[in-house]
*Asks:* 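Can you read through this structure? Questions will come right after.
Both backbone and side-chain heavy atoms feed into the values below; hydrogens, waters and symmetry mates do not. Just so you know, these numbers come straight off a predicted model, no measurement behind them.
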Amino acid sequence: MTTAQRLFRENTWLKKGIWVSEFRIESGLNCGGHAFATDGYLLGPILEEFKAKRQELTNSLFEIFSKTNAQKHDIYLEHPPAITFSVQGGIGTHDEDELLHSYFKMDSTGWGSPFLLVPEATTVDEETLELLCVAKKKMLCSAEYHLWV
């Protein structure tokens, strides 16, 4: 049973017939200054597990979801609704972003550019902070850096 399956097996939303449509996986090491206790698990192995067991997770969640909807709402579904897998935090280059999409099969990625402007949340050198403060969308959405705000 995957980490996500253990977390969502008894999920209140599924038991109410509400589908979980997105799994947002956040880096425990560098995600907007937040601290996520992960018992030492790094993002790569966590993403590898999601990649390897994505269909198993979908099927497991759909089993709970469809059973609930059949019993409580007399709604019968043949196929699970879509699930989006996204990852954010700790992405530093376009190549890293590309790896998350191509190798780990993530549907979307989140770059925390606005967090970089909060001195209490991150440690950004003065020169980079000044560049971020005056950056326009075109500067943040270049092919080289691929940052979104």
Side-chain angles (χ1 to χ4, degrees), residues 1-66 68-69 77 79-149:
M1 183 178 297
T2 68
T3 304
Q5 283 173 311
R6 283 191 298 273
L7 292 172
F8 287 93
R9 168 110 7 232
E10 300 299 321
N11 188 289
T12 304
W13 298 111
L14 293 171
K15 289 186 171 187
K16 292 182 183 223
I18 300 171
W19 184 246
V20 177
S21 64
E22 180 183 5
F23 282 88
R24 183 175 301 155
I25 305 151
E26 298 188 5
S27 167
L29 296 177
N30 182 16
C31 188
H34 303 295
F36 298 100
T38 61
D39 294 331
Y41 295 111
L42 297 176
L43 188 58
I46 292 168
L47 293 176
E48 190 67 45
E49 184 177 15
F50 271 94
K51 176 187 170 192
K53 298 182 178 181
R54 186 176 186 151
Q55 192 58 52
E56 182 183 333
L57 173 63
T58 301
N59 294 343
S60 175
L61 297 176
F62 182 64
E63 183 181 335
I64 299 166
F65 176 74
S66 59
T68 298
N69 276 299
L77 303 169
H79 305 287
I83 297 178
T84 300
F85 290 86
S86 63
V87 63
Q88 65 185 42
I91 305 168
T93 67
H94 181 302
D95 288 342
E96 290 173 357
D97 183 75
E98 190 62 36
L99 176 74
L100 294 168
H101 286 282
S102 62
Y103 179 76
F104 289 111
K105 307 299 182 204
M106 292 291 110
D107 297 306
S108 64
T109 55
W111 293 60
S113 301
F115 280 109
L116 296 174
L117 302 174
V118 181
E120 295 83 7
T122 61
T123 54
V124 177
D125 62 87
E126 275 303 311
E127 181 182 351
T128 303
L129 185 59
E130 288 174 22
L131 288 171
L132 287 168
C133 287
V134 299
K136 303 293 182 219
K137 183 176 180 178
K138 184 177 180 182
M139 296 166 73
L140 294 173
C141 295
S142 71
E144 183 180 351
Y145 296 105
H146 223 62
L147 295 172
W148 291 281
V149 290

*Asks:* So do the side chains of W19 and L77 get within less than 4.5 Å of each other, counting heavy atoms only?
*Replies:*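 They are not in contact (no side-chain heavy atoms under 4.5 Å apart), so the answer is no.
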*Asks:* Which heavy atom in D107 sits nearest to a heavy atom in T84, and how many Å separate them?
*Replies:*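 Looks like OD2-CA, 3.3 Å.
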*Asks:* With distance as the sole test, does R24 use its side chain to make a donor-acceptor pair with the main-chain N or O of G110 at under 3.5 Å?
*Replies:*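 Flag not set: sc R24 to bb G110 has no pair under 3.5 Å.
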*Asks:* Using the side chain to side chain donor-acceptor pair (under 3.5 Å) criterion, which residues pair with E130? Sequence neighbours excluded.
*Replies:*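 Applying side chain to side chain donor-acceptor pair (under 3.5 Å) to E130 gives none.
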*Asks:* Closest approach of N69 and G17, non-hydrogen atoms and distance?
*Replies:*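 Smallest heavy-atom distance, with atoms named: ND2-O, 3.5 Å.
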*Asks:* To the nearest 0.5 Å, what is the distance between NE2 on H94 and CG on L99?
*Replies:*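 So the gap between those two atoms works out to 12.0 Å.
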*Asks:* Taking the six-membered ring for Trp, are F85 and F50 parallel (under 30°), tilted (30 to 60°) or perpendicular (over 60°)?
*Replies:*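 Ring orientation of F85 relative to F50: perpendicular.
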*Asks:* Hey, which of Q88, E98, E96, H101 is the one that makes side-chain contact (heavy atoms from CB on, under 4.5 Å) with T109?
*Replies:*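 The residue from Q88, E98, E96, H101 that satisfies side-chain contact (heavy atoms from CB on, under 4.5 Å) with T109 turns out to be H101.
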*Asks:* Taking the side chain as every heavy atom from C-beta outward, state whether F65 and I18 have any atom pair closer than 4.5 Å.
*Replies:*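 Contact flag for F65/I18 side chains = no.
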*Asks:* So, using ring-ring contact (aromatic ring centres under 6.0 Å, His included) as the criterion, who are the partners of F104 when residues are at least two apart?
*Replies:*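 With sequence neighbours excluded, F104 shows a ring-ring contact (aromatic ring centres under 6.0 Å, His included) to no residue whatsoever.
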*Asks:* With P45, which residues qualify under side-chain contact (heavy atoms from CB on, under 4.5 Å), at least two apart?
*Replies:*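 With neighbours one apart ignored, the set is L42.
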*Asks:* Does Y103 have K51 sitting over its ring (NZ/CZ under 6.0 Å from centre, angle to axis within 45°)?
*Replies:*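 Relative to the ring axis of Y103, which defines the angle, K51 lies inside both limits.
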*Asks:* Should I83 and V20 count as side-chain neighbours, where that means a heavy-atom distance under 4.5 Å?
*Replies:*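 When only atoms from C-beta onward are counted, V20 and I83 do not touch, as no gap falls below 4.5 Å.
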*Asks:* Could I get the full list of side chain to side chain donor-acceptor pair (under 3.5 Å) partners for Q55, not counting sequence neighbours?
*Replies:*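 Here the qualifying residues are N59.
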*Asks:* If the condition is side chain to side chain donor-acceptor pair (under 3.5 Å), which residues does S86 pass it with, not counting sequence neighbours?
*Replies:*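 Once residues adjacent in sequence are excluded, the partners of S86 under the side chain to side chain donor-acceptor pair (under 3.5 Å) criterion are E22.
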*Asks:* Taking only residues two or more places apart in sequence, or in another chain, which ones meet T68 in a side-chain contact (heavy atoms from CB on, under 4.5 Å)?
*Replies:*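 For T68 the side-chain contact (heavy atoms from CB on, under 4.5 Å) partners, ignoring immediate neighbours, are I64, K72.
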